[in-house]
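Because the structure is a prediction, the values reported are computed rather than measured. Worth knowing before you read on, the calculation uses all heavy atoms, side chains too, and leaves out hydrogens, waters and symmetry mates.
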Amino acid sequence: MRKKPTDFHVLVPGEPNPLGWTVPPINDLRSAIDYLKRFPGEYIETDREVDPKAQLAGVYRHIGAGGTVMRPTRIGPAMTFNSVKGYPGSRVLVGLTASRERVGRLLGAPARDLALQMGEARKNIVPPVMVERGDAPCQEVVHRADDPGFDLRTLLPAPTNTPNDAGPFFCLGLVLGSDPDDRNNVDVTIHRLCVQGRDELSIFFAPGRHIDAFRQKAEAAGKPLPVSINMGLDPAIPIGACFEAPTTPFGFDELCVAGGLRGRPVELVECLTVAQKAIARAEIVIEGEILPNVRVKEDQNSGTGLAMPEFPGYVGPANPALPVIKVTAITTRRNPILQTLVGPGEEHVSLAGIPTEASIYNACSDALPGLVRNVYAHSAGGGKFLAVVQVAKKNAGDDGNTRQAALIALAVYRELKNVILVDEDVDLFDTNDVLWAMQTRFSGDMDTIFVPGVAGHVLDPSQSPEYDPRVSTKGTTTKTIFDCTVPFKLKEHFVRAQFEEVDPRPYAPELFGEEK
């Protein structure tokens with residue numbers, strides 16, 4: 001019998017939990033790295049000096065960026081750079097979740113089951129808890145902005161992804177904010193944060209973000225919005241934070257999902273200089289306030305006209321007017337690790353895509369029990385634009401239910417653009433197999449469904465009036481369903497060639513391991 005969420009805190013790391021996966025012994029970034037070191041090929045370090053200005057990302061492009069990064073690139077290990085030019089003693093980690101298999105190790109579930117695991121964690125949440133300041137590793141070292149020598153540009157090695165970026169960016173800063181009238185209404189999301197000065201950051205909000213709603217409410221009252229920016233975290237925290245409405249509606253604290261994944265609560269601590277909370281076991285916390293009625297040009301210091309490479313694989317224009325975070329302090333662990341990502345890389349696919357999969361799977365399972373077997377938010381869409389939905393039809397009515405599942409997917413995840421439907425005999429994680437289904441189980445004029453004029457994502461350059469004169473504003477598009485499933489009445493005519501089941505290990509042990 002499934003235990004109640006309130007029972008989860010008694011789980012022991014390394015032992016199976018009531019939902020069927022094993023909780024790894026991870027509660028922060030350092031324990032995550034230590035855990036990865038157990039597995040060959042998952043983590044490497046280098047002491048060779050690297051420049052955070054474009055060079056670090058340029059190196060990791062070849063090591064393990066993957067995703068929608070321009071080829072050549074690959075899926076590879078996570079990597080820590082121990083010598084960062086201009087920042088003695090600083091370390092930068094990139095690619096922690098830039099592999100689905102590695103995420104599976106870090107979360108304790110098979111890579112193919114991550115959507116199911118995330119879906120269960122969303123249903124079985126564990127709320128965060130507060131700890132005393134003396135018990136918060138993130139506050140071991142304190143740098144206050146009112147110190148004359150304070151300068152975040154020299155304290156933290158924020159990288160640039162390309163030579164044309166607007167400036168240095170914190171790419172994995174989890175921003176924690178709350179309703180100005182209710183500190184218990186908390187939201188956490190990852191945003192584009194560009195370093196603008198000694199104590200200023202610009203912040204980019206995609207439409208519909210809950211923290212932006214908090215900011216607008218505070219701004220209407222002429223007040224700043226206190227926030228903390230948390231970096232270097234247990235990977236369950238940023239992945240859990242990437243759920244979006246309606247799966248996590250306004251007022252839902254996404255830190256509860258990380259608690260559900262780990263079977264224990266995320267620990268929070270009161271900030272030192274603003275009325276906000278921070279993640280207690282973070283490597284680095286930036287405390288500050290989003291100023292009311294203050295805007296800054298994103299590339300004011302570089303004049304490149306460009307922002308940074310985002311998940312669709314393009315470098316978008318610099319925003320002419322972004323809100324400003326006035327930094328009040330930086331607190332860190334001793335010898336902190338700054339965590340970053342390569343903008344269009346596979347790391348974004350994991351962070352955004354696995355919650356996308358879980359959202360779709362849960363919604364379809366609730367509406368159409370037993371039909372949807374699994375969901376994959378494909379790398380080609382950066383974890384957001386393209387979903388492959390695997391179904392198992394049981395009767396003729398499931399022909400229509402299958403397409404209904406695709407509509408549910410589009411409804412439950414606003415930024416999703418295209419859905420490919422496949423049968424249970426198709427490996428949804430194998431692009432060649434999915435394309436095979438499209439070639440043999442799909443007729444363009446009969447099996448394509450268009451849904452025009454629907455909200456999507458502003459970072460897709462094809463979602464603009466310049467590209468499509470029919471749309472009135474950026475972030476509007478035609479969404480498409482590709483039904484590559486066999487009509488139920490014809491299933492017996494579309495049976496794949498069945499090969500004899502043979503254990504290949506005795507014949508090729510170097511590929512499959514020795515026979516057991």
Side-chain angles (χ1 to χ4, degrees), residues 67-68 97 114-115 118-119 122 171 174-175 187-192 203-213 238-250 252 254 257 307-314 316 319 341 343-364 375-389 405-421 449-465 467-468 471-482:
T68 60
T97 57
L114 286 169
M118 290 293 294
R122 170 61 185 91
C171 298
L174 188 70
V175 183
D187 186 63
V188 287
T189 38
I190 299 171
H191 299 281
R192 192 168 87 204
I203 182 169
F204 172 80
F205 291 104
R209 296 297 185 256
H210 293 170
I211 288 182
D212 194 28
I239 291 178
C242 287
F243 275 100
E244 296 184 10
T247 304
T248 50
F250 191 73
F252 179 87
E254 288 88 353
V257 178
M308 63 167 284
E310 290 279 8
F311 72 90
Y314 299 96
N319 196 292
L341 55 72
E346 189 73 13
E347 192 145 24
H348 187 281
V349 176
S350 297
L351 291 169
I354 296 170
T356 299
E357 297 164 6
S359 298
I360 294 170
Y361 179 80
N362 277 5
C364 290
V375 183
Y376 173 43
H378 200 287
S379 294
K384 285 179 175 282
F385 290 166
L386 174 61
V388 184
V389 178
L407 292 173
I408 291 171
L410 293 174
V412 80
Y413 194 74
R414 186 196 67 197
E415 296 168 353
L416 186 61
K417 183 178 180 182
N418 297 309
V419 179
I420 301 176
L421 299 163
I449 302 167
F450 299 106
V451 186
V454 183
H457 200 295
V458 294
L459 293 179
D460 177 357
S462 72
Q463 299 185 32
S464 67
Y467 187 92
D468 184 352
V471 305
S472 59
T473 185
K474 288 181 65 176
T476 305
T477 190
T478 295
K479 302 196 174 186
T480 311
I481 299 166
F482 302 90

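Atoms CG and NE2, from L386 and H378 in turn, are 6.0 Å apart once rounded to the nearest 0.5 Å. Interatomic distance, L410 CG to I481 CD1, rounded to the nearest 0.5 Å: 5.0 Å. Residue I354 holds its CD1 atom at 9.5 Å from OH of Y376, rounded to the nearest 0.5 Å. One finds the CG atom of L174 at 9.0 Å from the CD atom of E254 (value rounded to the nearest 0.5 Å). To the nearest 0.5 angstrom, I360 atom CD1 is 8.5 Å from Y413 atom OH. The CZ atom of F205 sits 5.0 Å away from the CG atom of D212 when rounded to the nearest 0.5 Å.
Other residues, nucleotides and ligands contribute at most 12 non-hydrogen atoms within 6.0 Å of the OH atom of Y467.
Side-chain atoms of T68 never come within 3.5 Å of backbone atoms of G382 as a donor-acceptor pair (strictly under, hydrogens ignored). Side-chain atoms of K384 do not come within 3.5 Å of backbone N or O of T356 as any donor-acceptor pair.
Looking at heavy atoms from C-beta onward, L341 lies in side-chain contact with L351 at the 4.5 angstrom threshold. Contact annotation: the side chain of C171 approaches that of M308 to within less than 4.5 Å [non-hydrogen atoms, C-beta and beyond]. Side-chain contact between R209 and E244 is present, with at least one heavy-atom pair separated by less than 4.5 Å. Here the side chains of V471 and S464 are not in contact, with every heavy-atom distance at 4.5 Å or above. Using a 4.5 Å heavy-atom threshold, the side chains of S379 and E346 count as touching.
No hydrogens or angles considered: nothing links the side chains of T97 and S350 as a donor-acceptor pair under 3.5 Å.
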What's the verdict on side-chain contact (heavy atoms from CB on, under 4.5 Å) for T247 and M118, showing C-alpha distance, side-chain angles and the deciding distance?
-> CA-CA 12 Å; T247 304; M118 290 293 294; over 6 Å; no
Residue pair H191, F204: steps toward the side-chain contact (heavy atoms from CB on, under 4.5 Å) verdict | CA-CA 6 Å; H191 299 281; F204 172 80; 6.0 Å; no
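Nearest heavy-atom pair across C242 and I190 is SG-CD1, 4.2 Å. Between A377 and V349, the shortest heavy-atom contact is O-CG1, 3.9 Å. Taking all atoms of both residues into account, the shortest heavy-atom contact from P249 to P246 is CD-O, 3.6 Å. Smallest separation of non-hydrogen atoms from A409 and L416: O-CD2, 3.7 Å. Of all the heavy atoms in E357 and A115, the pair that sits closest is CB-CB, 3.4 Å. When all heavy atoms of G119 and N362 are compared, the closest pair comes out as O-ND2, 3.0 Å.
Here salt bridge (charged side-chain N to carboxylate O under 4.0 Å, His left out) pairs that include residues 451-460, with residues two or more places apart or in two chains, are K417-D460.
For F385, the ring-ring contact (aromatic ring centres under 6.0 Å, His included) partners at least two apart in sequence or on another chain are F311.
Taking the centre and axis of the six-membered ring of F252, the NZ or CZ atom of R122 falls inside the cone set by 45° and 6.0 Å.
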